[in-house]
Novice: 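Structure provided below as C-alpha cells; questions to follow.
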Amino acid sequence: MIKVENPLGLLKMECLELVKGSLRRIYPEVQLFDVKFSQPPNPEMGELSSSVSFQLASKIRANPVDIASRIVEESTIPSDGLVSRVEALNGYINFYVNIGSFFRLVLETAAENKDYGFLKTKTSEKIIVEHTSANPIRPLHIGTARNSILGDTLARMLKRRGHAVEVHFYVDDMGRQVAMATYGWRLLNKPEPPSEPEKWFGDIYASVNILKEVRRLKRELEEASDTGDYVRVREINAELSKYAKAAQELTERNKEVFNAIAEAMENDPDPDASIQKLNMEYERQEPTAKKDVRTLANHCVHGFERILKKLDIKFDRWDYEGDLVWSGAVDEAMDALRKTPYTFYEEGALVLDCEAVAKDMGLKEKWGINPSYEIPRLVLIRSDGTTLYTPRDIAYSLKKFERVDRVINVIGNEQSLAQLQLKIALAAMGKIDLADRQTHFAYEFVRLPDVKMSGRLGRYVTLEEVMDKSILLAYEEVSKRTPELTEEKKKEIAKIVGYGALKFTLLNIDPIKVVIFDWNRALNFEINSAPFIQYSYARACNILKRAEKMPEPDYNLLASGSERSLVMMIAQFPEIFENASESLKPSDISTFTNILADKFNSFYASQPVIKAEPSSLAGARLMLVKAIKVVLKNSLEILGIEAPERM
RNA sequence: GGGCCCGUUGCCCAGUUAGGAUAGGGCGCAGACCUCCUAAGUCUGAGGUCGUGGGUUCAAAUCCCACCGGGCCCGCCA
C-alpha cells in the first residue's frame, strides 16, 4: 500500500497537471496563475471542479463556456491515474475520480493510520499559547470557560500540526483586584477558606467592591444634591440601585461574608487608601502583604487547576505577574522604553506616545489600522511609581519570547486596544519582529440573558455549576436510554457526553460573536451536536465490533451518493485540519465533524454494512466505516471531546 | 465625538480570510419510519428582501462606499 498523508492533495495535483497541460497546448502565451479546486454542488458533477475558465475569460476576452470545452477536449487522461474523466459544464471543468483507485487510496490511508488527518507543518515552531489567565479572586465562570476551551483547543491543534507548544497561565496577582480581595479577607481576620475557596473569595471581592462603590456614590449624591445638580442626582440613583440589586443577590448567596465585611468596612475611613496601600506593599515585597496576597491568589489558582483538570485542560506553566515585577523584568522593559524618544513624563507619570510610534514606523499601514484613527497614549508608570497592567504585560511578552518563536494570547476582545498598545511598545523598543509574531486571539463575552456577567458585582454562572448540571442531565439521559448498563458505565458515558456538549457549545460558534448563555440551549442534547457526533461514533464502533470478518473489498461498488460524499469528506479531512490550524479556527473542525456525522447517519439508515451483498461490498463498506471512525475520533480529539465506544 | 466588531428563515448558527453552479445545518412546526448493524437516529414538507441603499464584476451573503440597528473600547482599572 502506498502511504500518503493527504490523498486529496494527490488528486488535486493530478487535476492541476491536466489543466496545465491543456492550457499550455491551447494558450501557450498565457501566464499560468494559481488554479484552485473546489467541490461541485452535487455528486453527479464529479468530485472536484475548477473555475479556471472564468478567470481566463477576462484575460483573453473569450467565452468561459468555450474555454472550458477546449480545455476538456485537449486534456489527456493517464490510464493509471486517479482521474477517470473530465467534463465541461456551464463553464466549469468537472473532474470525476477513478473510484477503484482513489477510494482505495483514501479509505486504506485513513483506516490504517490512527493519526490520519494531522497533516504536519513544514515549518515547525515553538509556540506559547497563553489562555484563561483569569483573575485569581473569583471562580471560573462560563465566560472564562470560553477562553479556556478555545485556548486548549488551539494548543492541541498546533501540537497536532507539529509545533512545540507550551501552554501558559498568567496569574494576575499584582492588580488592584487581588489587593481588594485580600483587603476583604483581612477584614474578616483571614479565616481559612472553606472548600471551593475561589467561590468564597469571589464573594469577598464582590462585597468589598460593592460596598466601596456604594459609599463613594452616596458621597457624590450628597454633593450633587447640595449643588442642586438634579440630572446628576438621577444618574447616581440609577447607579446606586444597580449596586443595591447586586448586593441583594450577594446577600442571598453569602449573607455572613457580606455583612461581616460591611460591618468591618464601617471602621475604615478610607478603604480605597487601604487597598492602594496594600497593593503598593505587595509590589515592594513587604513580607506580610506578600504572604497574604500570594496565599489568596494561590487558593484560587489551585481551584482553577482542579476544575480545569476535570475538563482535561492543563497548563505547562503558571507565570506570576508578581515575579515579573520583583525580578526587575518590568523595570528593565520600562527603562528600555524610557530611552526611546516616545516616552514623556506628565504629572509624575511615565507615558508612551503610541500615535508617534505608529506614525514613525508606519505601523498603521503595516497592520491595517485606519490612518485617521489616533491611537491613544499609554500610561506606563503611575505617578506613585507603581506599575500598571499593560506595561507589565509588555515585560511578560518579552519573557515569553525568550522561550519561543510565536505567542498566541487568548484574551477578551475588549482588550484589543491594550493588545495593540502592547505591540506598539514592542515596536518602539525596536522589536517589531516580536510584535508581528504575537497574535491576540480575541473572543467575545458570554452574557446572561438580561445582564452582563461581572466579577465586580459577583454576578456569574460558575463553570463548575454548568459542568455539574451537564453531567447530571447526561446521566438522566443515559439511564433512560440504556438502563441495562452498569452504574459505573452510565457515569462514565454521562461525563463524556456532558463535558462534550459543554465544550462543543463554546467551540462551534465563532469566537468573535457574543454568546447569550442559556441553560436550556447549552444543555439541550437535541440542539447540541456533540452527543449526535458521539452517537455516530458509537454506531461506527458497534458495526465494527459486530463484523466478524473483513471480506476482500471492492471499492468500485461504493457507488451511491452518500458513500461517495463520505469518502470525499474523509479525503478532505487533512486539508480541513491544515486550514483550521493555520487560521486558528476550531469551528472549522466542529462544523466538518458535524456534517460528517450527519452524512454517516444517513448512510447508516439506508445501507446495510455487515450484511451487504456481495461480500466485497460489505468489505468496502466496512473499510468506509473504519475510516469514518478514525476521522470522527481524530476531529473530536482536536476539540478535546472524548469519543465513547457505546452510548 | 472617534475606532473596532456583529447583523443570514419564528429561534440559534455555518458560509465572508481566498467572489463562482440551486444560500446550508439545527431547534421549533406539519407528517412518515424500529420483525433489519443502537430511534441521542432517518426521511418528507412548509418557512429567506443574506440589516438598508448604491457601486465594482461575466458573476456579490462574500469586495468597495454610505446609512440603520446592536455590542465593545477610547482609565494613573484589568
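Letters A, B, ... are given to chains in the order of the sequence lines, protein chains preceding strands, and every chain is numbered from 1.
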Novice: Using the benzene-type ring in the case of Trp, are the ring centres of A:F37 and A:F95 under 6.0 Å apart?
Specialist: yes

Novice: Would B:C34 be called syn or anti, given that syn covers angles within 90° of 0?
Specialist: syn

Novice: Is it true that A:E563 and A:R621 make a salt bridge, defined as a side-chain N closer than 4.0 Å to a carboxylate O?
Specialist: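 Answer for the salt bridge query: yes.
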
Novice: Which protein N or O atoms sit under 3.5 Å from an N or O of nucleotides 1-8 of chain B?
Specialist:
from: B:G7; atom 1: OP1; to: A:K513; atom 2: NZ; distance (Å): 3.1

Novice: Do A:R456 side-chain and B:C77 base share a donor-acceptor contact under 3.5 Å?
Specialist: yes

Novice: Could you check whether the side chain of A:N94 and the base of B:A21 have a donor-acceptor pair of N or O atoms closer than 3.5 Å, going by distance alone?
Specialist: yes

Novice: Under 4.0 Å: is that the gap between some side-chain N or O of A:S602 and OP1 or OP2 of B:C43?
Specialist: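 So the side chain of A:S602 is within the cut-off, an N or O lying under 4.0 Å from OP1 or OP2 of B:C43.
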
Novice: Take the protein atom CD of A:E548 and the nucleotide atom C1' of B:C37, then report the distance between them rounded to whole Å.
Specialist: 12 Å

Novice: Let me check I have this right: for RNA chain B, each base becomes ., (, ), [, ] or |, based on Watson-Crick or G-U pairs with both distances under 3.5 Å. What is the full string?
Specialist: (((((((..((((......[...)))).(((((.......))))).....(((((..]....))))))))))))....

Novice: Identify which nucleotide among B:C58, B:A40, B:A21 has an atom closest to any side-chain atom of A:V497, counting heavy atoms from C-beta outward.
Specialist: B:A40

Novice: Rounded to whole Å, please give me the gap between CD in A:Q177 and P in B:G75.
Specialist: 17 Å

Novice: Taking the side chain of A:T591 as heavy atoms from C-beta outward, which of B:A39, B:A18, B:A14 is closest to it?
Specialist: B:A14

Novice: Using only side-chain N and O atoms of A:R176, determine if any of them is under 4.0 Å from OP1 or OP2 of B:C77.
Specialist: yes

Novice: Between B:C37, B:C58, B:A18, which one does the side chain of A:F54 approach most closely?
Specialist: B:C58

Novice: Can a side-chain donor-acceptor contact be found between A:Y396 and A:E321 if the only test is distance below 3.5 angstrom?
Specialist: no

Novice: What's the CG-C1' distance between A:L473 and B:A40, to the nearest Å?
Specialist: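 Between C1' of B:A40 and CG of A:L473: 13 Å.
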
Novice: Out of B:U42, B:A14, B:G15, which has the shortest distance to the side chain of A:K585?
Specialist: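 The nucleotide sitting nearest to the side chain is B:G15.
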
Novice: Return yes if some donor-acceptor pair links the side-chain N/O of A:S50 with the main-chain N/O of A:V52 below 3.5 Å, else return no.
Specialist: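 Yes; at least one donor-acceptor contact below 3.5 Å.
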
Novice: Donor-acceptor pair under 3.5 Å: do we get one between A:S587's side chain and the base of B:A14?
Specialist: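 No, the side chain and the base share no sub-3.5 Å donor-acceptor pair.
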
Novice: Checking contacts here: which listed nucleotide (B:U42, B:C74, B:A21) is nearest the side-chain heavy atoms of A:P376?
Specialist: B:C74

